[in-house]
Novice: 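Right, I'll just put the structure down here and ask away after.
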Amino acid sequence: MQRVLLIIGGGIAAYKAPELVRQLRAQGLGVRCLMTAAAAQFVSPLSLASVSGDKVYDNLFDLTDEAEMGHIQLSRDADIILVAPATADLMAKAAQGLANDLASTSLLATDKKIIMAPAMNVRMWQHEATQRNLAQLRADGVTIIGPEEGDMACGEFGPGRMSEPQDIATATAAALGASPRIDAAQKSALAGRKIVLTAGPTHEPIDPVRYIANRSSGKQGYAIAAALAEAGANVHLVSGPTNLPAPAGVTLERIETAREMLAAVEAQLPVDGAVMTAAVADWRPADCDTQKIKKNGASPEPLALTENPDILAILGAAGDNRPALLIGFAAETENLEAHARAKLERKKCDWIVANNVGSDSGIEGGVMGGDANQVTLICADTKNPQVETFDIMSKQNIAALLTERMAAYFAKTEKG
Ligand code: CTP
């Protein structure tokens, strides 16, 4: 079993810690809690001990604990460290490398991945010092989840509320490479939702025997279609030419060109959600010869190209027909986040899943055609954009992660 060291900071959001422990355990993870002195004002160590099924650690100078389990051992035993709520103080300490209590020493003594879910007053969050610390933590490789915007316990409104325990637990499981689990409530939020997906490459004919194509295998899109269908969604997959069989429970429609893909997607509207994973050819030959082009001994004619329709951008601007949740993918070889953000704005989608398809991705066999992927999920919200970077994981796990996020989105909109 993989283990999480959950460091609970001293903020009002600490009251959500027992629920977070439950959600982490529901993901199949073992949890050990460590709380700062201030956290004990907001949540009882006893309730944490009972939900985690383990002793709760809270004092660096407790000699019994140091003898039994020092801060080094605490971080060594964990596969990942999760700080939730991450207060301004804990973030500042971690960014500066300060170590004067059990929480900060454990953070400094570890070489494991760290995830932080910040929670604080909106002004504290927006303060230059916190933003500086945030940038430093990101540069140090810490994954930041949230904070979300909303009404806060202090009576103000804005970014600063801790993300929901379920979202934090899913991201933690995903960071560990575990397949996120979808619970019954989320399944019911997806049940019967109509989702259209695109996947694979497109083939743009030059003449009856030749075409322009790309290296997309369709594996990521097919995996997402399968995961959504398994969770109960009504899935229509529009696919370019691939070698993959139809995923169970999915309606598969095979097409060849970008224009056929667009027509097939438009025929499905309106839909609740759309996930555009296809590597659509940006250009097609301006004219497709009806006969095979012959060599004829002369130098070849340059191939005149014309731009293909952008299916994602067309859906983003579809007015009343726009899917409630529109998700794009961004295949980049450099400046991943900046390029992906620009794409998200240009194509007016809600989320974009950015993946590095360059040769430096570190993924065996490459992203295109391979079985693994490494993604950054960016959610559009100009005031409070959420950016989460995940470790390399299988395309199946990425599909489960995205399905879980989509289920959570629909569950929230149902409630709202
Ligand atoms: N996309 C689309 N139709 C197109 C081109 C792209 O629907 N004609 C979608 C893809 O399915 C993906 C997103 O747009 O969800 C981004 O695709 P990508 O190839 O990364 O971006 P491009 O728009 O082609 O930009 P560029 O090639 O300049 O990076």
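We count ligands from 1, going down the list as the structure has it; atoms in each ligand are counted the same way. One is the number of the first residue; the rest follow in order along the sequence.
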Novice: Can you pull every nitrogen or oxygen pair between ligand 1 and the protein closer than 3.5 angstrom?
Specialist:
residue  : atom   : partner : partner atom : Å
ligand 1 : 3 (N)  : Asp310  : OD1          : 3.4
ligand 1 : 3 (N)  : Ile311  : N            : 3.0
ligand 1 : 7 (O)  : Ile311  : N            : 3.4
ligand 1 : 7 (O)  : Leu312  : N            : 2.9
ligand 1 : 8 (N)  : Pro309  : O            : 2.9
ligand 1 : 11 (O) : Met276  : O            : 3.3
ligand 1 : 11 (O) : Ala278  : O            : 2.7
ligand 1 : 14 (O) : Lys347  : NZ           : 2.9
ligand 1 : 15 (O) : Met276  : O            : 2.6
ligand 1 : 15 (O) : Phe329  : N            : 2.8
ligand 1 : 15 (O) : Phe329  : O            : 3.2
ligand 1 : 20 (O) : Ala331  : N            : 3.1
ligand 1 : 20 (O) : Lys343  : NZ           : 2.6
ligand 1 : 21 (O) : Lys343  : NZ           : 3.0
ligand 1 : 23 (O) : Lys347  : NZ           : 2.5
ligand 1 : 24 (O) : Asp282  : OD1          : 2.9
ligand 1 : 24 (O) : Asp282  : OD2          : 3.2
ligand 1 : 27 (O) : Asp282  : OD2          : 3.2
ligand 1 : 29 (O) : Lys343  : NZ           : 2.9

Novice: Which residue pairs pass the side chain to side chain donor-acceptor pair (under 3.5 Å) test when at least one of the two sits in residues 281-295, sequence neighbours left out?
Specialist: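 Qualifying pairs: Arg284-Asn308.
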Novice: Hydrogens and angles aside, do Glu404 and Thr170 bring a side-chain donor and acceptor to less than 3.5 Å of each other?
Specialist: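 There is such a pair between these side chains.
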Novice: Could you tell me if Gln23 and Glu19 have a donor-acceptor pair between their side chains, going purely by distance under 3.5 Å?
Specialist: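 Side-chain D/A pair, Glu19 to Gln23: present.
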Novice: Taking His236 for its side chain and Lys194 for its backbone only, find out whether a donor-acceptor pair lies under 3.5 Å.
Specialist: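 No; judged by distance alone, with no hydrogens or angles, the pair does not exist.
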Novice: So Trp351 and Tyr409, would you call those rings parallel, tilted or perpendicular, with 30° and 60° as cut-offs?
Specialist: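 If you compare the ring of Trp351 with that of Tyr409, the planes turn out perpendicular.
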Novice: Phe42 and Ala14: which non-hydrogen atoms are nearest, and at how many Å?
Specialist: CB-CB, 3.8 Å
